[in-house]
Protein chains: 2
Amino acid sequence: MPTHSQTQTAVLGALSIRPMTGYAVRENVQNVLGHFWSESFGQIYPTLAELEREGLVERQRSEHPRSSPFAPTAEGLTRLRELLSEPPQPSRPRNGLLLRLFFGRQLGVEACRQLITDARAQAETQLAQLVAEREQLTRDASLRDAAPYILITILAGEYGARASIAWADDALATLDELVAS
Amino acid sequence: MPTHSQTQTAVLGALSIRPMTGYAVRENVQNVLGHFWSESFGQIYPTLAELEREGLVERQRSEHPRSSPFAPTAEGLTRLRELLSEPPQPSRPRNGLLLRLFFGRQLGVEACRQLITDARAQAETQLAQLVAEREQLTRDASLRDAAPYILITILAGEYGARASIAWADDALATLDELVAS
DNA sequence: CGCTACATGTAAGGTGTTACATGATTCC
DNA sequence: GGAATCATGTAACACCTTACATGTAGCG
């Protein structure tokens, strides 16, 4: 068991929704999973090669071997279920925004206001994206079976984004009081 | 500029609030910053040594050199302000819970419910901790100047935790509908 | 005087990103 | 046939954690 990381999980999982090339896996990780997961080329290709060696995925026949998609084998699906059953590894938090605000006294009120305003705008953008994705999800018949689960993850993003927006307003008000006093 | 990471920022920042030993820095990172930041021994000690070499921190005189706290020098404070002014580096998201729920179809409804229930309980615990810390903050006179900024970061945690709880209830309801249909 | 907490440091190893290198396919 | 995109792979490097190694201070 060389890889203790969750990269195998992400790759196998992506292929379980639809067979695809490594290139497409990366695009999907960026676009669809991007709100809560990330992988780079440097991870995806070695992982695919490893999964193929272990017989957990195989390339589907195609005239052009280069563009033939990978699909999970039966053992691959079994392995995926095992991996998904392991308890989620809590990733250590690294929030650069809050790190800066925590030491905001050194940074100054104005710079802090700017950071919070930027974060608020980012959250608005993300929220709009998620809402759009959610509507698109209801229209994609091919995802019928996976849709409820995908919906849940999109909802998590929406709740988070709305919380960020409300927090930003609250935080800006707190700083206003500070300046007034 | 050897270190592009934000470890220097965290260490210098901690010392800017109160001079302390490397050991204490680590405790503070775990307890206070722990909700949104993390550093390990293996990072903190080398970083402190580097900062000392660069004249950005120095040990305060004390009978026992071993337990004498580090304090930022004037240049150290300047450097801290520079570091804080750099734009926050967005950390790549790695949410093991949402990764599992996204592929929830493979995992099964029951296991998903359990994951969400666990996450909800965790959020409740965290929320209680944050509320306690917030109340304690108003009582610590030594933090007077930094308090409003610390308050903002605690609030961010509270908003996030409350969002997690609301999301969990929503998600569980969504799964209930799925089972019913 | 032994236990616990304080305090420092390093070495090995795993993880993950970036940059580079290479070529195929498709579309105009 | 040239450009953009698709597709794969690797090597170097940055980052970070864990485990180990070592010793001190204070307290009962």
Side-chain angles (χ1 to χ4, degrees), chain A residues 1-11 14-15 18-31 33-34 36-53 57-60 62-71 83 89-96 99, chain B residues 1-11 14-15 18-31 33-34 37-53 57-60 62-71 89-96 99:
Chain A
M1 226 171 289
T3 313
H4 290 179
S5 88
Q6 298 171 94
T7 300
Q8 279 203 354
T9 317
V11 172
L15 298 181
R18 184 189 319 119
M20 53 184 123
T21 64
Y23 190 85
V25 168
R26 200 256 188 153
E27 287 212 315
N28 274 270
V29 170
Q30 282 200 324
N31 301 335
L33 305 184
F36 58 85
W37 200 259
S38 83
E39 297 288 354
S40 63
F41 274 138
Q43 291 280 99
I44 290 173
Y45 282 115
T47 300
L48 269 175
E50 195 188 344
L51 289 171
E52 196 175 25
R53 263 201 318 280
V57 305
E58 59 187 13
R59 296 198 98 129
Q60 292 178 336
S62 140
E63 23 185 331
H64 298 303
R66 198 125 178 129
S67 60
S68 67
F70 289 93
L83 289 170
Q89 297 173 18
S91 71
R92 49 200 181 34
R94 227 107 207 278
N95 188 324
L99 183 69
Chain B
M1 221 171 292
T3 313
H4 289 182
S5 88
Q6 298 170 95
T7 300
Q8 279 204 353
T9 316
V11 172
L15 298 182
R18 184 190 320 118
M20 52 184 123
T21 64
Y23 191 85
V25 169
R26 201 255 189 151
E27 285 212 316
N28 273 270
V29 170
Q30 282 199 326
N31 301 334
L33 304 184
W37 201 260
S38 83
E39 297 288 354
S40 63
F41 274 138
Q43 292 281 99
I44 289 173
Y45 283 115
T47 299
L48 269 175
E50 195 188 344
L51 289 172
E52 196 176 26
R53 262 202 318 281
V57 305
E58 60 187 14
R59 297 198 97 128
Q60 293 179 334
S62 141
E63 23 185 331
H64 298 303
R66 197 128 178 127
S67 59
S68 67
F70 290 94
Q89 297 172 18
S91 71
R92 324 224 161 285
R94 228 108 208 280
N95 188 322
L99 184 68

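The sequence lines fix the lettering, A, B, ..., with proteins before strands; numbering per chain opens at 1. On a predicted model such as this, the values are computed, not experimentally measured, just so you know.
- Within 4.0 Å (heavy atoms only), B:Gly22 reaches sugar-phosphate atoms of the nucleic acid but no base atom.
- At least one side-chain heavy atom of A:Arg26 sits under 4.5 Å from a side-chain heavy atom of A:Phe41.
- Base engagement by B:Ser40 is indicated by at least one non-hydrogen atom pair under 4.0 Å involving a base atom.
- Proximity note for B:Arg59 (side chain, C-beta onward) versus C:dT8, D:dC16, D:dT5: the nearest is C:dT8.
- In this entry the distance linking CZ of A:Phe70 with P of D:dA7 reads 11 Å, nearest Å.
- Atom-to-atom, OH of B:Tyr23 to C1' of D:dA25 comes out at 12 Å; the value is rounded to the nearest Å.
- Distance A:Gln60 CD to D:dA7 C1': 17 Å, rounded to the nearest Å.
- Residue A:Ser5 places no side-chain N or O under 4.0 Å from the OP1 or OP2 atom of C:dG14.
- Rounded to whole angstrom, the span from the CD1 atom of B:Ile44 across to the P atom of D:dT18 amounts to 13 Å.
- Among D:dT17, C:dT8, D:dT10, the nucleotide with an atom closest to any side-chain atom of B:Gln43 is D:dT17.
- Neither side chain, B:Thr47 nor B:Gln8, offers a donor N or O lying under 3.5 Å from an acceptor on the other.
- In this structure, CD of A:Gln6 is placed 17 Å from P of C:dG14, rounded to the nearest angstrom.
- In terms of position along DNA chain C, the nucleotide closest to B:Tyr45 lies nearer the 5' end than the nucleotide closest to the other residue of the pair B:Tyr45 and A:Phe41.
- Contact check for B:Glu39 versus A:Arg92: no side-chain heavy atoms found under the 4.5 Å cut-off.
- Here C:dG16 presents its P atom at 14 Å from CZ of A:Arg94, a figure rounded to the nearest Å.
- Rounded to whole angstrom, the span from the CG atom of A:Leu51 across to the C1' atom of D:dT8 amounts to 16 Å.
- At the phosphate of D:dC16, OP1 or OP2 sits under 4.0 Å from a side-chain N or O atom of B:Thr7.
- Proximity of A:Phe70 to A:Glu58: side-chain heavy atoms (C-beta onward) are nowhere separated by under 4.5 Å.
- Residue B:Arg26 is out of contact with every strand shown, counting any heavy-atom pair closer than 4.0 Å.
- A:Gln6 places a side-chain heavy atom less than 4.5 Å from the side chain of A:Trp37.
- Remark: P of D:dC16 and CD of B:Glu50 are 13 Å apart, rounded to the nearest angstrom.
- The phosphate of D:dA7 (OP1 or OP2) has no side-chain N or O of A:Ser68 nearer than 4.0 angstrom.
- The phosphate of C:dT15 has neither OP1 nor OP2 within less than 4.0 Å of any side-chain N or O from A:Arg92.
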